[in-house]
Peer 1: 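Submitted below is the structure of interest, expressed as structure tokens.
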Amino acid sequence: MRQVITAQQMRDAEQRVFDAEPDVDLMGRAARAVAKIAEGVAPSGPVLVAVGPGNNGGDGLFAAAHLADHRPVTVWLAMGKGHEAGLAAARAAGCHVVDAVAAAAALGDAALVIDAVTGLGSRPELPTTTATFAEACEASAVPVLSVDLPSGLDADSGQVHDSFRAQHTVTFAALKACHVQEPAASRCGQVHVVDIGVPVPQDEGQAVRQADEADVARWWPRPDATSDKYSRGVVMLDTGSEHYQGAALLTVAGALNAGAGMVRYTGRVHSGLVLSRFPSVVVGEGRAQAMVLGSGWGDTDGAEGRVANARLHGLPAVVDANALYALPQGRLDGWLLTPHAGELSRMLGCSRSHVQTEPVSCAREVARTTGAAVLLKGATQYVAEPSGRVTIAVPGPNWTAQAGSGDVLAGICGTLLAAGLPAWRAGVVGASIQAMTAARNPGPYPPDALAARLPEVIGSLLA
Ligand SMILES: NC(=O)C1=CN([C@@H]2O[C@H](COP(=O)(O)OP(=O)(O)OC[C@H]3O[C@@H](n4cnc5c(N)ncnc54)[C@H](OP(=O)(O)O)[C@@H]3O)[C@@H](O)[C@H]2O)[C@@H](O)CC1
Ligand SMILES: [K+]
């Protein structure tokens, strides 16, 4: 699990270090880390460093000075000035300081560009010359290493503006939102988090973290010698409708391939269809440990009654699609709601673009008011708990952006709930395993084909 902090939290943490140890050289530590990673990305050849006026530029200038020790380094002061001591060090080390025209020309020979224009102090709308240089970098084959973040992004947001597009980003102490929230995250390339001796305590209630594959492996429920179908977990699916019959099959595929002890099907799709594809399914209500509701219901009648009936069972439930608009009154402790941005916006009565701009606060709001965990699906998948804590699932490729992925995911999460995982963890683990399966099977696999590959991914993860 990796922490995600805000720019202000980073600045506060840095200030605490300075208060305790006024002479500490944090910029020196940051610069050494940048130079080391630069050597790994491009071990030889000329380096071109684009430098801004603040401390991000200072990191770049001291890194330039290290690198100039044994290879040619060109420095461009993108906004006409740079950190004074850093610039002196770079000049003393033999860096060649050039203007914008010469910087553009130097790009042709560069083995690496270091982007140290702006970092935590980055405002949207890069000056035109910098934006043009960033475009030229992108059009060239030269790798870009961004210091702290690709200049032009906002540290605390996943939104994109004119910015550099990096193959590697080196950041300090902890991840920031732009490194993990799409679409900005895609501009960061591989993110290296380096320890520069700045501890970053977080307010646990408002924490944002990103799960990794080791968390998924640790949390995945494994059967043992005492297991039977009930102890592994029985999940009851009320999914699909006459109009969306496939949703029944997709939720069953997700649930079974995630390892349910048993799947019961109680939805309105003809049981013969379900059984012809999945003969181990048991049709009709019975003993179960979790339910899945709503996937593929469409506008069918009686949503409120069906959700209320689920509540009477007293079981944790995954609530998906149209069932999200039929939530019963009262707290839904132990339930997992799985909206995408459009569904969450309808639940909140706001625009979809607002959810896309403020995904964390929107997911938190619904979790707080309902008492359920909320898995907000999309290119980045967030799980908010009623406490305010948010966990981002392991990211995956964009191929899963297709009809039916959400149905499979609801089934997977139902199995995990039935196995006894708390709702938030079922959401994180379910969304992560689907993304990991897509990452290990790159290409346009339809959701049922990816569901069929879950067992081998789970098996190799736990091996
Ligand atoms: N905090 C820490 O723990 C540590 C921090 N460290 C490093 O310091 C970095 C933060 O430094 P920072 O605060 O000086 O801000 P930084 O990102 O250099 O930018 C500010 C300058 O850029 C300018 N500017 C911004 N956007 C612009 C735009 N669109 N267009 C034009 N100008 C723009 C802005 O102008 P202004 O807004 O003042 O007009 C100002 O002059 C941090 O990311 C990390 O690399 C490490 O050394 C060690 C530990
Ligand atoms: K930068």
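Because the structure is a prediction, the values reported are computed rather than measured.
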Peer 1: One pair to check against salt bridge (charged side-chain N to carboxylate O under 4.0 Å, His left out): Arg11 and Glu14. What are the steps and the verdict?
Peer 2: CA-CA 5 Å; Arg11 290 187 193 283; Glu14 182 195 40; 5.5 Å; no

Peer 1: Verify the distance criterion only: is there a donor paired with an acceptor across the side chains of Asp320 and Thr338 at less than 3.5 Å?
Peer 2: yes

Peer 1: Indicate yes or no: at least one non-hydrogen side-chain atom of Lys377 is less than 4.5 angstrom from one of Pro339.
Peer 2: no

Peer 1: Testing the 3.5 Å rule here: is there a donor-acceptor pair between the side chains of Arg268 and Ser241?
Peer 2: no

Peer 1: Before giving the answer on side-chain contact (heavy atoms from CB on, under 4.5 Å), spell out for Val208 and Arg364 the whole-Å C-alpha distance, their side-chain angles and the decisive distance to 0.1 Å.
Peer 2: CA-CA 11 Å; Val208 180; Arg364 266 185 184 141; 3.7 Å; yes

Peer 1: Crowded around Asp12 CG? As in, over 12 foreign heavy atoms under 6.0 Å?
Peer 2: yes

Peer 1: Can you name the closest pair of heavy atoms from Gly152 and His161 and give their distance?
Peer 2: O-CD2, 3.6 Å

Peer 1: Got a sec: does the CD of Gln8 have more than 12 other heavy atoms crowding it under 6.0 Å?
Peer 2: yes

Peer 1: Checking Arg209 against Thr391: is there a side-chain donor and acceptor pair closer than 3.5 Å?
Peer 2: yes

Peer 1: Compute both the distance and the angle, then confirm whether Arg440 meets the cation-pi test with Trp399: under 6.0 Å from the six-membered ring centre, within 45 degrees of the axis.
Peer 2: no

Peer 1: Starting at CG of Asp238, measure out to CD of Glu285 and round the result to the nearest 0.5 Å.
Peer 2: 8.5 Å

Peer 1: Can you confirm if the NZ or CZ of Arg453 lies within 45° of the ring axis of Tyr445 and under 6.0 Å from the centre of its six-membered ring?
Peer 2: yes

Peer 1: Checking ring-ring contact (aromatic ring centres under 6.0 Å, His included) for the pair Trp219/Trp424: CA distance, chi angles, key distance, verdict?
Peer 2: CA-CA 12 Å; Trp219 291 334; Trp424 71 270; 5.5 Å; yes

Peer 1: Is there side-chain contact between Leu145 and Val113, with at least one heavy-atom pair below 4.5 Å?
Peer 2: no

Peer 1: Rounded to the nearest 0.5 Å, what separates atom CD in Glu358 from atom CG in Leu348?
Peer 2: 12.0 Å

Peer 1: Report the distance from atom OG1 of Thr369 to atom CG of Leu327, rounding to the nearest 0.5 Å.
Peer 2: 9.0 Å

Peer 1: Between Asp156 and Cys178, is any pair of side-chain heavy atoms under 4.5 Å apart?
Peer 2: no

Peer 1: Counting only heavy atoms not in His243 (residues, nucleotides, ligands), do more than 12 fall under 6.0 Å from its NE2?
Peer 2: no

Peer 1: Using a 6.0 Å cut-off, check whether atom CZ of Phe172 has over 12 heavy atoms from anything other than its own residue.
Peer 2: yes

Peer 1: Do other residues, nucleotides or ligands put more than 12 heavy atoms under 6.0 Å from the CG atom of Asp299?
Peer 2: no

Peer 1: In the structure I gave you, are the side-chain heavy atoms of Met436 and Val216 within less than 4.5 Å of one another anywhere?
Peer 2: yes

Peer 1: Roughly how far, to the nearest 0.5 Å, is the CZ atom of Phe164 from the CZ atom of Phe133?
Peer 2: 5.5 Å

Peer 1: Would you say that Thr251 contacts Val408 through its side chain, given a criterion of any heavy-atom pair below 4.5 Å between the two side chains?
Peer 2: no

Peer 1: Measure the shortest side-chain to side-chain distance between Gln181 and Pro359 over non-hydrogen atoms and say whether it is less than 4.5 angstrom.
Peer 2: yes

Peer 1: Distance from Asn257 atom CG to Ile458 atom CD1, nearest 0.5 Å?
Peer 2: 7.5 Å

Peer 1: Taking 4.0 angstrom as the limit, do Glu365 and Arg368 come out as a salt bridge?
Peer 2: yes

Peer 1: Apply side-chain contact (heavy atoms from CB on, under 4.5 Å) to the pair Leu112 and Leu48, showing each step before the final yes or no.
Peer 2: CA-CA 6 Å; Leu112 177 72; Leu48 173 57; over 6 Å; no

Peer 1: Kindly determine whether His192 and His168 satisfy side-chain contact (heavy atoms from CB on, under 4.5 Å), including the steps that lead there.
Peer 2: CA-CA 7 Å; His192 310 255; His168 294 264; 2.9 Å; yes

Peer 1: Val390 pairs by side-chain contact (heavy atoms from CB on, under 4.5 Å) with which of Val383, Val360, Val374, Leu376?
Peer 2: Val360

Peer 1: Do the side chains of Leu375 and Gln381 get nearer than 4.5 Å, heavy atoms only?
Peer 2: yes

Peer 1: Taking C-beta and beyond as the side chain, do Val193 and Leu175 meet within less than 4.5 Å on heavy atoms?
Peer 2: yes

Peer 1: When you look at Lys176 and Ile5, which way does the side-chain contact (heavy atoms from CB on, under 4.5 Å) test go after all the steps?
Peer 2: CA-CA 5 Å; Lys176 320 297 178 306; Ile5 62 170; 3.9 Å; yes

